Peer 1: 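Let me begin by handing over the structure; questions about it come next.
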2 protein chains.
Amino acid sequence: MAGWEAVRDEVLRRIRARVWPPGAVIPGEEALAVEFGVARATVNRALREVAESGLLERRRKAGTRVAVLPVRKATLEIPIIRQEVEARGERYSQRVLAERMDPVPLAAALRMGLAEGVDLLFLETLHLAGGRPFAHEVRWLNPAVLPGGELPDFRHISANEWLVQNVAYTIGDIAFSAEAASPEEALALGIRTGDPVFVTERVTWSGEAPITFVRLLHGPGYRLRTML
Amino acid sequence: MAGWEAVRDEVLRRIRARVWPPGAVIPGEEALAVEFGVARATVNRALREVAESGLLERRRKAGTRVAVLPVRKATLEIPIIRQEVEARGERYSQRVLAERMDPVPLAAALRMGLAEGVDLLFLETLHLAGGRPFAHEVRWLNPAVLPGGELPDFRHISANEWLVQNVAYTIGDIAFSAEAASPEEALALGIRTGDPVFVTERVTWSGEAPITFVRLLHGPGYRLRTML
DNA sequence: CAGGTCATTATGTATAGACATAATAACGCA
DNA sequence: TGCGTTATTATGTCTATACATAATGACCTG
């Protein structure tokens with residue numbers, strides 16, 4: 001046995017085979033290091049990875065135990081829409097439907113932690129894949145946090161892509177839901193009013209300042225996929 | 001500066017402040033170790049974490065560069081439904097609507113990589129929060145991979161919870177989508193036919209063998225939340 | 001100049017040893 | 001018995017050093 005990946009695999013095997021049943025305390029790092037013939041740091045690396053996936057719980061002094069009700073963790077990759085479309089082998093394009101400074105409505109203000117009525121840049125965009133509607137985007141953008149105060153021409157670069165390249169935000173939160181399309185949304189996406197749409201809402205922050213709130217709608221047939 | 005977290009934070013700051021602009025190659029681990037006054041292993045740990053979040057790209061010999069179009073990664077935590085309900089402060093209960101051996105239909109067979117018509121255990125369950133419908137679950141379970149061939153009474157423990165405790169599966173994939181509720185689904189969830197439902201479909205495997213395919217429906221108002 | 005070979009280089013990983021930290025368990029005192 | 005203090009212990013992290021590995025780029029050859 002050599003390498004932390006081999007140690008990790010053996011640990012996973014023992015958990016799956018119930019050699020170490022749920023709730024049981026497993027041997028300490030030192031003991032495992034001796035058993036596997038590796039250094040403690042190697043065992044540590046392996047156990048840390050498994051713990052991050054949720055299958056082990058580690059606490060100082062208490063030791064490492066197999067999780068009783070492991071909370072499974074999946075990693076979602078959130079690509080830029082252009083990349084998502086091009087990965088399907090379709091041509092990406094976009095149409096800016098609206099672009100203006102506007103007092104932020106209550107719902108968006110709450111999510112961004114701003115006062116209602118503050119003036120933000122409002123952007124409404126339709127993303128197309130091979131000329132057909134792919135997603136409808138509504139976005140409020142906080143101009144206060146923009147570098148240099150310069151804004152690009154959003155008809156040539158999508159807001160998302162520009163932000164990702166120009167404002168390296170680090171935190172945010174996302175929520176997904178299913179809703180019925182409003183008449184305006186249905187019209188933009190070329191579907192019927194009331195059709196189910198997949199909604200992604202995202203708020204991103206740069207440090208303390210909110211950057212943007214996006215509401216992204218995907219029409220019927222859209223699937224968000226990930227691996228466990 | 002001491003500790004890999006401090007190094008990581010400083011690296012993030014430099015990326016955000018564009019000291020290291022997108023696409024730029026950053027100094028090597030050795031140089032950073034000298035600059036920060038830590039060992040190379042500490043820098044390595046910090047850079048590895050940042051790279052995992054998608055903001056840096058590392059390649060042997062080529063060095064480490066700031067990602068031009070970082071693919072943002074979010075971690076989804078997938079709890080057991082009972083925990084999800086109880087975390088909202090509501091009482092969890094469930095009703096088993098159907099439980100029988102049944103030839104697997106084509107759609108489910110394809111996802112599980114099985115031949116159509118193989119006999120699987122079919123389970124239909126309604127999950128309730130405070131007595132009100134919370135989610136509707138349809139599941140095919142492969143009896144071949146069950147430990148000892150013993151099955152529990154699914155009226156007392158949910159299939160998900162039992163599986164998590166008794167079959168430590170390690171891989172699978174998940175897809176989310178928005179669909180219109182069928183008449184049967186609407187009836188079970190107490191909503192109207194055609195109302196948008198949030199659909200989670202999950203396939204899990206234990207090594208090579210498929211364990212289960214679940215289709216989980218949440219009615220209007222459900223939000224799946226995560227952090228960036 | 002094309003194509004294959006090899007040296008170079010930055011990251012990837014392993015190791016032994018050390019100290020830090022948090023949490024438990026043992027202890028002692030009122 | 002109950003409670004605060006202390007010792008113990010397993011994990012968490014850091015260091016210095018070494019070797020492995022992959023990928024680049026230079027070199028050599030036909």
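Keep in mind the model is a prediction, meaning the values are calculated, not measured. Throughout, protein chains are lettered first and strands after them, A, B, ... in sequence-line order, and every chain is numbered starting at 1.
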Peer 1: Would you call A/Arg58 and A/Glu29 a salt bridge, using N to O less than 4.0 angstrom?
Peer 2: yes
Peer 1: Check the phosphate of C/dT13 against A/Thr42, side-chain N and O only, distance under 4.0 Å to OP1 or OP2. Yes or no?
Peer 2: no
Peer 1: Rounded to whole angstrom units, what separation is found between the CG atom of B/Leu47 and the P atom of C/dT11?
Peer 2: 8 Å
Peer 1: Flag the pair A/Leu110 / A/Phe213 as yes when at least one side-chain heavy-atom distance between them is below 4.5 Å, and no otherwise.
Peer 2: no
Peer 1: Got a donor-acceptor contact below 3.5 angstrom from the B/Thr200 side chain to the B/Phe176 backbone?
Peer 2: no
Peer 1: Taking the nucleotide of DNA chain C with the closest heavy atom to each, which residue, A/Glu5 or A/Lys61, is nearer the 5' end?
Peer 2: A/Glu5
Peer 1: Both B/Glu30 and A/Ala41 contact DNA chain C. Which one's nearest nucleotide lies toward the 5' end?
Peer 2: B/Glu30
Peer 1: Report yes if a side-chain nitrogen or oxygen of B/Arg45 is closer than 4.0 Å to either non-bridging phosphate oxygen (OP1 or OP2) of D/dC14; otherwise report no.
Peer 2: no
Peer 1: Select one nucleotide: of C/dT15, C/dA18, C/dT11, the one nearest the side-chain heavy atoms of B/Arg58.
Peer 2: C/dT11
Peer 1: Take the protein atom CZ of A/Arg60 and the nucleotide atom P of C/dA25, then report the distance between them rounded to whole Å.
Peer 2: 17 Å
Peer 1: When the distance from CD of B/Glu49 to C1' of D/dG12 is rounded to whole Å, what number comes out?
Peer 2: 13 Å
Peer 1: Using the side-chain heavy atoms of B/Trp4, tell me which of these nucleotides is nearest: D/dA10, D/dC14, C/dT13.
Peer 2: D/dC14
Peer 1: For A/Ile26 and D/dT11, give me the distance from atom CD1 to atom P, rounded to whole Å.
Peer 2: 8 Å
Peer 1: Let me know the distance between CZ of B/Arg8 and P of D/dT13, rounded to the nearest Å.
Peer 2: 10 Å
Peer 1: Give a yes or no on this: more than 12 heavy atoms of other residues, nucleotides or ligands lie within 6.0 Å of atom CZ of B/Arg223.
Peer 2: yes
Peer 1: In whole angstrom, what separates A/Glu29's CD from C/dT15's P?
Peer 2: 13 Å
Peer 1: Any idea which of D/dT13, C/dT24, D/dT15 is nearest the A/Arg59 side chain?
Peer 2: C/dT24
Peer 1: Give a yes/no on whether any side-chain N or O of B/Thr64 is located under 4.0 angstrom from OP1 or OP2 of C/dT11.
Peer 2: yes
Peer 1: Examine the base of C/dG12 for any acceptor or donor lying under 3.5 Å from a partner atom in the side chain of B/Arg40, and report the outcome as yes or no.
Peer 2: yes
Peer 1: Report yes if the side chains of A/Leu216 and A/Val199 come closer than 4.5 Å at any heavy-atom pair, otherwise no.
Peer 2: no
Peer 1: Let me know the distance between CG of A/Leu32 and C1' of D/dT11, rounded to the nearest Å.
Peer 2: 13 Å
Peer 1: Nearest-nucleotide wise, let me know which of A/Gly63 and A/Asn44 is further upstream toward the 5' end of DNA chain D.
Peer 2: A/Gly63
Peer 1: Roughly, in whole Å, what's the span from CZ in B/Phe36 to P in D/dC14?
Peer 2: 13 Å
